[in-house]
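I have placed the structure first, in the form of structure tokens, so that the comments after it can refer back to it.
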Amino acid sequence: MRLKYRLNMLLLDVAFRFPFLFTKTFQFFANEYHSQSEYILSKKSEQPEFKKTSFLESNFHWKAMSFTCFINSDELNKLKIWKEKQSLWFNSPAVSKLLDTRSFDREGGWVNIGLIRIDQESFTDDLNSIYMNSPYLDSAYISLKKYPSGLSVLTFYILFKPNVTELVKLVPAPKITEFIKINNLNFFSRRLTSVSLSDERNFLESFLKENMRNVYKESCRFFDIISREIGIKKGNDELYCMSDIYLDQKPPYFDRHPQQGKKDLLIFLPRGRYFSDARLSDNNDESFILDPYVNVGGVDMTYLKICEESTFDEYNNFRKKHCLNNESHLAIIPLLLIIKKIDKLSNEISKLKIYNKSGSMIKLHKNLFSIVHDLELIDEWINILNENIPLSLPAGYKDKSDSILKAQGRRVLSLKKTVKTFYSLSENRVQISNLHYNKRYSVIVFIFIIIQVFLAALTIDWGKTNVWYTPIFSWVKNLF
């Protein structure tokens, strides 16, 4: 960001000194915002309003980040092979049996894949350590939840080092050094060029976001390394990323009428922003932030666990323990992944331009078949989760889970109705096209037959007598 800002200021200064090289719009911005302009000099001389900045206005700990995805039977087999190679202990036959695909409609269970230490030696964990020279990551726990109908959910829960919290908690506010950003670097373009002005608040929020983005990138680097080793390839649209933050206070965090905090402390997500909470459970000690402004990078959700640490016992301390995708807040993620998959299919349907009659018939038919297949599969998964996911959810999640499944079930039904209608029309178009093709093909075949007969006739010696074709030739001559 710093390099980009220097480039912006250099362009403005050049445009201020040599205006004839640039468009009139860019000349105007150069006159107003070059490095020695009144606006820039006044901004540099302003006293900072904030001394510190923090993600939350509480005693919090940025604990972990998780990646969850669906995997098919082939990927499940790859996971089994990878675990056998990476395990420090002799694999239990029971664990291997759970990783096998035994039945389509009666599959089920939860499997502990194991703990991976990051940049640490260990001889007591389930899996070999990984060395990636990470400044932020401590360890990762991998868990698998299996449902019927080929639905398997794999989760990588990555625990952070303590220093990660220091990147977003009570961070001394850096002095603002970037005051302007050119939104269109093609400054020779005749299109309207615009600039964005930055104040201290925007600058500090961008500063925190950049720190959070760096941690997300490091987590992605770990996931990429492990997923490549396993042989699982997943894009961002196939993953659900959740960031976990623990707050050591009495619940809840959000307040409709919060007390005014310190004036010199900038809070990124203040208590008064209660509308950011998606309320995925009935528990007041949990909050689920789906706001894309809060979730940077590819993070889909930020989870807040609000509870005084003194209430935890030695073996159930949320701040320190790894979480599994069974009987924890992670258990609801399959529903959120389904929403993501339906969103993706809806977007694909929109791109197909199904109302356009002049599009490629074969390509449309193929794409519609793929979408119908995926919608049927998701519909089956929704039915399976309706029956099975309540057993995996902790207390307080069932009502919201039922609501999500009903809403997405209706959505899938509506999309299937639309897509199947156009798929049926597409089949009719294919049949009509085949009739036209067969008709043209018949004409072509008939022409080739006539040509073949003509060429055969050219090879006959019509002057010979007492041969097999003499009576036929005489009969034809008598006709004429």
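None of the values given here were measured: they were computed from a predicted structure. Each residue takes its place number in the sequence, starting with 1.
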Exercise. Distance under 6.0 Å and angle within 45° of the ring axis: does Lys209 meet both against Tyr293?
Worked result: yes
Problem set entry | Cys323 side chain near Lys63 side chain, heavy-atom distance below 4.5 Å | yes
For this session: Enter the distance from Leu239:CG to Leu337:CG here, rounded to the nearest 0.5 Å.
Result: 8.0 Å
Problem set entry | Approximate separation, where rounding is to 0.5 Å, of Ser401 OG and Leu385 CG | 7.5 Å
For this session: Check the pair Ser139 / Leu115 against side chain to side chain contact (heavy atoms under 4.5 Å, CB included), numbers first and verdict last.
Result: CA-CA 7 Å; Ser139 55; Leu115 175 67; 4.1 Å; yes
For this session: Drop me the distance from Leu170's CG to Ser54's OG, to the nearest 0.5 angstrom.
Result: 4.5 Å
Exercise. Are the side chains of Asp248 and Phe60 in touch, meaning some heavy atoms are under 4.5 Å apart?
Worked result: no
Exercise. Yes or no on side-chain hydrogen bond (donor to acceptor under 3.5 Å, both in side chains) for Tyr397 and Asn283, after CA distance, side-chain angles and deciding distance?
Worked result: CA-CA 8 Å; Tyr397 284 74; Asn283 306 320; 5.1 Å; no
Problem set entry | Ring centres under 6.0 angstrom apart (Phe203, Phe50) | no
For this session: Please report the closest heavy-atom contact between Gln120 and Tyr131, naming both atoms and the distance.
Result: O-OH, 3.5 Å
Exercise. Are Thr155 and Thr68 linked by a side-chain donor-acceptor pair shorter than 3.5 Å?
Worked result: yes
Seminar exercise, completed: When rounded to the nearest 0.5 Å, the distance separating CD1 of Ile71 from OG of Ser152 is 5.5 Å
Quick one: side chains of residues 263-271, donor-acceptor pairs under 3.5 Å with protein atoms, not counting sequence neighbours, listed by atom name and distance.
residue	atom	partner	partner atom	Å
Arg271	NH1	Tyr253	O	3.3
Arg271	NH2	Glu57	O	3.2
Arg271	NH2	Gln249	OE1	3.4

For this session: Take Asn386 and Lys406 through the test side-chain hydrogen bond (donor to acceptor under 3.5 Å, both in side chains) and record every step on the way to the result.
Result: CA-CA 9 Å; Asn386 256 321; Lys406 286 179 181 178; over 6 Å; no
Problem set entry | Check: Met9 and Ile180 side chains under 4.5 Å, non-hydrogen atoms | yes
Exercise. Do NZ/NE/NH1/NH2 and the carboxylate oxygens of Asp285 and Lys305 come within less than 4.0 Å?
Worked result: yes
For this session: Answer with yes or no whether the side chains of Asp199 and Asn202 bring together a donor and an acceptor at under 3.5 Å.
Result: yes
For this session: State whether Glu210 and Arg213 are salt-bridged, where the test is any N-O pair (Lys NZ or Arg NE/NH1/NH2 against Asp/Glu carboxylate O) under 4.0 Å.
Result: yes
Exercise. Who passes side-chain hydrogen bond (donor to acceptor under 3.5 Å, both in side chains) against Tyr303, sequence neighbours left out?
Worked result: Glu286
Problem set entry | Under-4.0 Å salt bridge between Asp291 and Arg273 | yes
Exercise. Can you check whether Asp399 reaches Asp282 side chain to side chain, under 4.5 Å on heavy atoms?
Worked result: yes
Problem set entry | Electrostatic pair Glu75:Lys78 at N-O distance under 4.0 angstrom | no
For this session: Before giving the answer on side-chain hydrogen bond (donor to acceptor under 3.5 Å, both in side chains), spell out for Asp244 and Tyr157 the whole-Å C-alpha distance, their side-chain angles and the decisive distance to 0.1 Å.
Result: CA-CA 10 Å; Asp244 284 10; Tyr157 193 82; 2.7 Å; yes
Problem set entry | Side-chain touch Glu380/Leu151, heavy atoms, less than 4.5 angstrom | no
Exercise. Considering the options Phe55, Phe160, Tyr136, which one meets the ring-ring contact (aromatic ring centres under 6.0 Å, His included) requirement together with Trp62?
Worked result: Phe160
Seminar exercise, completed: The residue among Tyr240, Phe223, Phe156 that forms ring-ring contact (aromatic ring centres under 6.0 Å, His included) with Phe67 is Phe223
Seminar exercise, completed: Between Leu204 and Ala173 the two heavy atoms that sit nearest each other are CD2-CB, 3.8 Å
For this session: Answer yes or no: is there a side-chain heavy-atom contact under 4.5 Å between Leu304 and Phe254?
Result: yes
Exercise. Quick one: does Lys344's side chain get under 4.5 Å of Ile342's, heavy atoms only?
Worked result: no
Exercise. Any side-chain donor-acceptor pair under 3.5 Å between Asn316 and Lys321?
Worked result: yes
For this session: Could you go through the side chain to side chain contact (heavy atoms under 4.5 Å, CB included) check for Asp119 and Ser134 one step at a time?
Result: CA-CA 7 Å; Asp119 299 324; Ser134 174; 3.8 Å; yes
Exercise. Thinking salt bridges, do Asp374 and Lys341 make one under a 4.0 Å N-O criterion?
Worked result: no
Exercise. Would you find a donor on one side and an acceptor on the other, under 3.5 Å apart, between the side chain of Thr418 and the backbone of Ser414?
Worked result: yes
Exercise. Taking the side chain as C-beta and beyond, is there a heavy-atom pair between Trp82 and Glu229 under 4.5 Å?
Worked result: yes
Problem set entry | CA sep, side-chain torsions, deciding dist, call: Val195, Lys181, side chain to side chain contact (heavy atoms under 4.5 Å, CB included) | CA-CA 5 Å; Val195 298; Lys181 181 180 74 172; over 6 Å; no
Exercise. Taking atom OG of Ser66 and atom CD1 of Ile333, what is their separation to the nearest 0.5 Å?
Worked result: 4.5 Å
Problem set entry | Lys250 bridged to Glu308 by N-O distance under 4.0 Å | no
For this session: Output yes when Arg411 and Asp343 qualify as a salt bridge under the 4.0 Å nitrogen-oxygen rule, no when they do not.
Result: yes
Seminar exercise, completed: Between Leu405 and Ile382, the two heavy atoms sitting closest are O-CG2, 3.9 Å
